[in-house]
Amino acid sequence: MQEIIDSFVNNIVSYLQIFGIPFGCFIVILESIIPALPLGVFIAFNMMAFGTVIGFIISWLSTILGCLLSYWFFKRFVGRKLENRINTHPKIKKIILAIKNISLSNLVLIVALPFSPAFLINIACGLSKTDIKKFLTAIVIGKLSIIYFWGFISKSLLESITDIKTLITVLILLILSYAISKLINKKLKIE
């Protein structure tokens with residue numbers, strides 16, 4: 001069984017090396033749009049194919065682009081079609097307003113959590129017409145910890161949960177992401 005898994009992994013890494021960085025970017029962007037795809041696996045493959053640093057950068061930039069595409073699609077097309085329906089339902093309108101008014105720091109924290117559903121965050125921010133500066137800032141900062149977590153820890157979920165060094169690193173990255181978002185919010189007055 002181990003030989004089959006090793007062969008599969010080596011084949012995927014070989015395909016990534018053959019097709020290059022654009023294919024590595026494409027699979028991560030695709031995951032941002034299609035939530036059933038495994039982000040951690042794609043990030044791990046990018047890091048194995050292109051090295052830790054380049055794989056990290058490819059995955060980070062690609063997931064940002066994928067989130068922006070999803071956000072833009074729901075803001076531009078779906079939001080316009082649902083706007084009248086949303087306005088007629090007070091509960092939905094209240095939820096949309098709460099999402100739109102979420103603080104940058106809280107949005108960064110939500111984005112930075114390893115098990116938060118990125119596609120739902122993209123959709124919610126797009127439908128609520130969250131300010132693009134706030135959304136982009138949250139994605140750029142928050143995705144750092146996600147890419148780190150999934151890139152280095154995607155060997156198996158159980159290993160990542162039991163590795164105290166990794167959990168501490170992710171916790172520190174979450175705290176740093178939150179602190180950086182507070183500083184940026186204070187300087188740029190995004191809210």
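One is the number of the first residue; the rest follow in order along the sequence. It should be emphasised that the depicted structure is a prediction, and the values quoted were computed from it without experimental measurement.
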Checklist entry - Which class fits the ring pair F77 and W72: parallel under 30°, tilted 30 to 60°, perpendicular over 60°? => result perpendicular
[atom1]-[atom2] distance between [X] and [Y], expressed to the nearest 0.5 angstrom:
| X | Y | atom1 | atom2 | value |
| --- | --- | --- | --- | --- |
| S145 | I172 | OG | CD1 | 12.0 Å |
| F56 | F50 | CZ | CZ | 16.0 Å |
| T63 | N46 | OG1 | CG | 11.0 Å |
| I27 | L39 | CD1 | CG | 9.5 Å |
| I29 | I64 | CD1 | CD1 | 11.0 Å |
| L171 | L176 | CG | CG | 9.5 Å |

Answer whether the closest heavy-atom distance between the side chains of [X] and [Y] falls below 4.5 Å.
| X | Y | value |
| --- | --- | --- |
| I184 | I141 | yes |
| I121 | S116 | yes |
| C125 | L107 | yes |
| I57 | I147 | no |
| Y71 | I123 | no |

Minimum-distance pair of heavy atoms, taken over all atoms of [X] and [Y]:
| X | Y | result |
| --- | --- | --- |
| K143 | A118 | NZ-CB, 3.4 Å |
| L174 | A112 | CD2-CB, 3.3 Å |
| V108 | S181 | CG2-CB, 3.5 Å |
| C25 | I58 | SG-CG2, 3.7 Å |

For residues [X] and [Y]: do they belong to one hydrophobic cluster (side chain heavy atoms under 4.5 Å, members Ile, Leu, Val, Met, Phe, Trp, Tyr)?
| X | Y | answer |
| --- | --- | --- |
| I54 | L61 | yes |
| L173 | V53 | yes |
| Y148 | I175 | no |
| W60 | L136 | yes |
| L127 | I95 | no |

Next on the checklist: Among I132, N122, V140, which residue satisfies the side-chain contact (heavy atoms from CB on, under 4.5 Å) criterion with L68?
Outcome noted: I132
Checklist entry - Any sub-3.5 Å donor-acceptor pair from K134's side-chain atoms to K100's backbone N or O? => result yes
Item to check | Between T130 and S128, a side-chain donor and acceptor under 3.5 Å | outcome: yes
